[in-house]
Amino acid sequence: MAAIGTHFPIKSNTIMKLNLVGQWVLMGRRRLNPFPGGRAFSSVVNQWDGGVSMVQGASRGIGLEFVKQLLEKSNKGHVVATCRNPSKATELHDLKNKFADRLDIHQLDLTIDSTIEETAKSVRDKYGYLNLLVNASGILTVPNVMQPETTLNKVERASLLLAYEVNAVGPILVVKHMWPLLKAGGGTGTERDGAVVASISARVGSIGDNRLGGWHSYRASKSGLNQLTRTVSVEFARKKDPIICILLHPGTVDTDLSRPFQRNVAEGKLFTKEFSVQKLLAIINSVKASDNGKFFAWDGKEIPW
C-alpha cells in the first residue's frame, strides 16, 4: 500500500491545522467530564484496574506501611515504591517477591534531581499515569549530624538547610515531576474524583498550633512543606487539573523517627504504623475536590495553618 502522501499530497500547514483540530477535539471531550481533565484520558491511555500509586520514601516506617496496605487491602492496583537505597530495603523486596506483578521499586533520592526525573520517566513509560502520590519521607534526627533543637542556642545553619531540603524541597520537586502523570491519570481506575497528592506533614508544622516552641528546623521545614503544597493546590485548581493536594498529620507513630522521643508521649497517643496508615488511607480515599489544599490530622479533623 502506497503512503498517503504519494497520491494525496498534504501541505505542511494543513497538517498543522489537523493537529490543532485534534487537540481541540480532545479538549472538548475533557469538558464533558464533571471534574475537568479527569477521566478524559481513559480513552487514550491504558487503564490499570485499581489505579497506579506511588509512595515516595517507602523503605521503612509509614511509607513502607502505605505500600503494604495498598497491596494487601485489595487485589487490584499497582504500586511504585521509591527510596534512597533500594538494595538495603529488605522488607520492600519481601513485598516484591509476594506481589511481583503489582509492585515496582525505584531508586529516588530527594536531594538528587536526576533520580526524581528518572523515576517519572520509568512510570510514564510503563504506566502512562499516576492516580496517587504519597510523599512519606521525612527527617528529624541524624546521629552526629542533627537533633531537634530545644532552644534557639542550638539552632545551626546546617540543620535548618538539611531539614528544609528533605522535608520541603524534595517532596515538592517530586510533585513537580509527577504532575503530568497525575494530570493524565486523574481518578482513572479508582473511585476517587481525581488524582491525589498526599504529603505527610506534622502538627508541629502548624504556626497556629505552636504553643511549646522548640524543634526549630523540623517545625519550619514542615511549615514550608505546608505552604508549598497549599500554593501548588491553588495552581492546580486554577488550571482545572484533576488533582487534589492534601497534607496529613499521622499522629505520633511508633517508627524509627519518633522512637528517641516516645518517653513523653501520653498513654494511648502512640499509634502503630498499621493504625495510622489505615486512618490516612481512609482520608485519601474519601477526599473531594473541595478538600484541595487542606491539612488533616489522622482523625480527619482539619489542622490550623
Side-chain angles (χ1 to χ4, degrees), residues 55-67 81-94 105-116 118-119 134-175 199-207 209-229 247-266 269-273 276-277:
V55 181
Q56 180 272 120
S59 62
R60 58 180 182 170
I62 290 175
L64 178 63
E65 186 60 30
F66 262 107
V67 175
T82 76
C83 60
R84 189 175 53 167
N85 295 309
S87 62
K88 296 182 179 180
T90 305
E91 293 183 77
L92 203 52
H93 284 286
D94 289 342
I105 301 173
H106 292 278
Q107 195 265 339
L108 189 156
D109 187 327
L110 290 177
T111 66
I112 303 175
D113 289 5
S114 61
T115 65
I116 304 175
E118 289 165 6
T119 298
V134 177
N135 271 317
S137 285
I139 186 172
L140 172 59
T141 177
V142 179
N144 302 317
V145 176
M146 65 179 293
Q147 294 290 328
E149 310 93 341
T150 55
T151 172
L152 179 61
N153 290 331
K154 294 185 178 181
V155 172
E156 296 182 359
R157 180 184 299 273
S159 295
L160 287 165
L161 293 176
L162 179 59
Y164 189 69
E165 182 175 31
V166 175
N167 294 340
V169 176
I172 209 65
L173 289 177
V174 172
V175 176
S199 293
I200 305 302
S201 186
R203 187 180 292 274
V204 297
S206 166
I207 296 174
D209 193 62
N210 186 354
R211 296 177 179 85
L212 298 176
W215 291 38
H216 300 70
S217 298
Y218 189 69
R219 283 186 187 275
S221 64
K222 288 298 186 180
S223 296
L225 174 65
N226 292 354
Q227 179 69 285
L228 287 165
T229 304
L247 292 141
L248 297 172
H249 166 57
T252 303
V253 185
D254 186 12
T255 63
D256 292 340
L257 184 144
S258 70
R259 198 152 291 133
F261 314 99
Q262 293 177 5
R263 183 174 54 185
N264 298 322
V265 177
K269 294 297 183 180
L270 181 63
F271 301 148
T272 64
K273 297 185 292 290
S276 179
V277 170

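Every value quoted in this text rests on a predicted model; they were computed, and no experiment measured them. Sequential numbering from 1 along the given sequence is applied to the chain's residues.
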Ile172 to Thr229 - nearest heavy-atom pair and separation:
CD1-N, 4.0 Å
Regarding Gln56 and Thr82, is there a side-chain donor-to-acceptor distance under 3.5 Å anywhere?
no
The reported gap from CD in Glu165 to CG in Leu160 (rounded to nearest 0.5 angstrom) is 13.0 Å
Any chance the side chains of Thr111 and Asp109 put a donor and an acceptor closer than 3.5 Å?
yes
How many angstroms lie between CZ in Arg84 and CD1 in Ile112, if you round to the nearest 0.5 Å?
9.0 Å
Going by heavy atoms in the side chains, are Ile200 and Pro250 under 4.5 Å from each other?
yes
pair Met146-Ile139: side-chain heavy atoms closer than 4.5 Å:
yes
So how far is it from His216 NE2 to Ser221 OG, rounded to the nearest 0.5 Å?
12.5 Å
I'd like to check Leu162 versus Glu156 (side-chain heavy atoms, cut-off strictly below 4.5 Å). Are they in contact?
no
Within the structure provided, determine whether Leu110 and Leu173 are in side-chain contact (heavy-atom separation under 4.5 Å).
no
Check for a donor-acceptor pair, side chain of His249 on one end and backbone N or O of Val204 on the other, with a separation under 3.5 Å.
no
Side-chain touch Ile207/Ser223, heavy atoms, less than 4.5 angstrom:
yes
List in chain and number order the residues that pass side-chain hydrogen bond (donor to acceptor under 3.5 Å, both in side chains) with Asp209, two or more places apart in sequence or in another chain; answer none if no residue qualifies.
Arg211
To the nearest 0.5 angstrom, please state how far the NZ atom of Lys154 sits from the OG atom of Ser159.
11.5 Å
In Å and rounded to the nearest 0.5 Å, what is the CG to OG distance from Leu108 to Ser59?
11.5 Å
Is a side-chain N or O of Glu149 found less than 3.5 angstrom from the main chain of Ser217, in a donor-acceptor match?
yes
For the CD1 atom of Ile116 and the CD atom of Glu118, what is their distance to the nearest 0.5 Å?
10.5 Å
I want to check something: taking the side chain as every heavy atom from C-beta on, are Leu225 and Asn167 in contact at a cut-off of under 4.5 Å?
no
Has the side chain of Ser276 got a donor or acceptor atom that lies under 3.5 Å from a matching backbone atom of Lys273?
no
